[in-house]
Enquirer: 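For reference, the structure I am asking about is given below.
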Amino acid sequence: SNSNTIENAIGGVTLQLLSTGTSTVTVSNDDDAIVEDVQEFIDAFNAAVTEINGVTGTGGNLANDGSIRILESSLRQQIFGTVSGLSGPFDNLLDIGISTGSTFESGAVSLLEIDVEAFRAALTSDRAAVEEVFSNSGETGIGDVLETYLESITSTQGFLNQRARAGGSIDSQIESFENSIERVERRVSAYELRLRRQFTQMEQLVSSFQSSGAALGGLSGGFSGLG
C-alpha cells in the first residue's frame, strides 16, 4: 500500500507511519472508561429504585401499590441473579465488586455501589469474564436480562403502558374510585335528607308539645279559677 496509515495490524488500533526506523507500540485497555460506564449503570439503577420507593412509600402517589413494588423486586432479582452458562471465574455482580455495601440501615433504600479496586482487579484477572457477566452470546448477562425485562414492561403492550395509558388500569381504578365516591356522596345526601326530615318532625313534635303544654297550663289555670 502507498498509504502511511495501517489499520488492520493490531485490532482496534490505527498506526500512522511518520518515518522509517523502529519503534515500540504499547496498547493498554481503558479501564477508566469501563469503570465510568459501570458507574453510570449503577446510578441509573439507583435512581429507578429510589423513584419507585418514593412514589409507593408513605405519602406517595402510588402508596401501597403492590404491583409497582413488584417492579423493584424484579429489578433486584435481575441484578443479583447468577448468570447462567458461564465457565469463567465470575458469574454475578458480587464477584466483580458490585453490591449494596457492607452496612445495613433499616428502612433505607438499598442502593448499588461499586468497589472500584475490586472491580479493577477483576478486569485485570479476566476481562472477558467480567464482560460476560454483563453481556454474552447466550444473552444471559445482567445487561441482557435487564434489557429484555425493561422492554417487556415499557413496550406498548407492557405492564407500565397498560397501566398508564388512557383507558388503562389506572384510569379504570380512578373511575372505580370516583364511582365509589359518588355512591358514598349519594348515601350521605340521603342520610342528610333523612336527618333533616327527622329534625323537622322533631321541631313539629316540640311545637306540638309546647302547644299542648300551653293548653294544659291554660286548663290548669281554668280549674284554679273555678276553685
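Scope of the values below: all heavy atoms of this structure, side chains included, with no hydrogens, waters or symmetry mates. The structure displayed is predicted, hence computed values, not measured ones.
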Enquirer: Among the clusters formed by ILVMFWY side chains lying less than 4.5 Å apart, do Leu75 and Phe80 turn up in the same one?
Expert: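 Yes; tracing contacts between hydrophobic side chains, which count when under 4.5 Å, links both residues.
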Enquirer: CZ/Phe90 to CD/Glu131 distance, rounded to the nearest 0.5 angstrom?
Expert: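 Here the interatomic distance stands at 13.0 Å.
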Enquirer: Would you find a donor on one side and an acceptor on the other, under 3.5 Å apart, between the side chain of Thr50 and the backbone of Ala47?
Expert: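 No, Thr50 side chain to Ala47 backbone: no donor-acceptor pair under 3.5 Å.
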Enquirer: At what distance, to the nearest 0.5 angstrom, does OH of Tyr149 lie from CG of Leu71?
Expert: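 Reported value, rounded in 0.5 Å steps: 4.5 Å.
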Enquirer: Please give me the minimum heavy-atom distance between Ala118 and Gly97, naming the atom from each residue.
Expert: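 Answer, listing the atom of Ala118 first, then Gly97: CB-CA, 4.0 Å.
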Enquirer: Rounded to the nearest 0.5 Å, how far apart are CD1 of Ile96 and CG of Asp126?
Expert: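 Between Ile96 CD1 and Asp126 CG, I get 11.5 Å after rounding to 0.5 Å.
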Enquirer: Hey, could you give me the CD/OG distance between Glu132 and Ser87, rounded to the nearest 0.5 Å?
Expert: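 Glu132 atom CD to Ser87 atom OG measures 6.5 Å (nearest 0.5 Å).
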Enquirer: If Ile, Leu, Val, Met, Phe, Trp and Tyr residues are connected whenever their side-chain heavy atoms lie under 4.5 Å apart, and connections chain through other members, are Leu86 and Val130 in the same group?
Expert: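 Yes, one cluster joins them.
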Enquirer: Show the numbers, then the answer: is there a side-chain contact (heavy atoms from CB on, under 4.5 Å) between Val38 and Phe134?
Expert: CA-CA 10 Å; Val38 170; Phe134 289 98; 4.1 Å; yes
Enquirer: Going by distance alone, is a donor N or O of one side chain under 3.5 Å from an acceptor N or O of the other, for Asp95 and Asn92?
Expert: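 Judged by distance alone, the side chains do pair up.
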Enquirer: To the nearest 0.5 Å, tell me how far Phe45 CZ sits from Ile142 CD1.
Expert: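 Atom-to-atom, Phe45:CZ and Ile142:CD1 are 10.5 Å apart.
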Enquirer: Please check if the side chain of Arg76 supplies one atom and the backbone of Ser110 the other of a donor-acceptor pair under 3.5 Å.
Expert: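 Side chain of Arg76 to backbone of Ser110, a donor-acceptor pair under 3.5 Å: yes, one is there.
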Enquirer: Yes or no on side-chain contact (heavy atoms from CB on, under 4.5 Å) for Leu146 and Phe41, after CA distance, side-chain angles and deciding distance?
Expert: CA-CA 11 Å; Leu146 269 179; Phe41 162 74; 3.7 Å; yes
Enquirer: Applying a strict under-4.5 Å side-chain criterion to I, L, V, M, F, W and Y, I'd like to know whether Ile42 and Leu150 cluster together.
Expert: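 Ile42 clusters together with Leu150.
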Enquirer: Donor-acceptor check, side chain of Asp91 to backbone of Val83, threshold 3.5 angstrom: yes or no?
Expert: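 Not a single qualifying donor-acceptor pair exists.
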Enquirer: Checking the side chain of Asp37 only, and the main-chain atoms of Ile34 only, is there a donor and an acceptor separated by less than 3.5 Å?
Expert: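 Such a contact is absent between Asp37 side chain and Ile34 backbone.
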Enquirer: Which value, rounded to the nearest 0.5 Å, describes the distance between Thr100 atom OG1 and Leu93 atom CG?
Expert: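 CG of Leu93 is found 11.0 Å from OG1 of Thr100.
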Enquirer: Looking at Asn136, is its backbone amide N or carbonyl O close enough to the side chain of Thr140 to form a donor-acceptor pair, meaning the two atoms are under 3.5 Å apart?
Expert: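 Checked: no pair found.
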Enquirer: Applying the 4.5 Å side-chain criterion to the ILVMFWY set and letting contacts propagate, would Leu112 and Val109 be lumped into a single cluster?
Expert: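 Same hydrophobic cluster.
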Enquirer: So with a 6.0 Å cut-off around CD of Glu40, is the heavy-atom count from everything else above 12?
Expert: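 Enclosed: over 12 neighbouring heavy atoms sit under 6.0 Å from CD of Glu40.
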Enquirer: Name the one of Asp32, Asp31, Asp115 that satisfies side-chain hydrogen bond (donor to acceptor under 3.5 Å, both in side chains) with Arg120?
Expert: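 Testing each of Asp32, Asp31, Asp115 against Arg120, the sole residue satisfying side-chain hydrogen bond (donor to acceptor under 3.5 Å, both in side chains) is Asp32.
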Enquirer: Spell out, as yes or no, whether a donor-acceptor pair under 3.5 Å connects the side chain of Ser74 to the backbone of Ile70.
Expert: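 It does hold such a pair.
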Enquirer: Report the C-alpha distance between Gln39 and Ile114 in whole Å, list the side-chain angles of each, state the deciding distance to 0.1 Å, and finish with yes or no for side-chain contact (heavy atoms from CB on, under 4.5 Å).
Expert: CA-CA 7 Å; Gln39 186 63 61; Ile114 181 173; 3.2 Å; yes
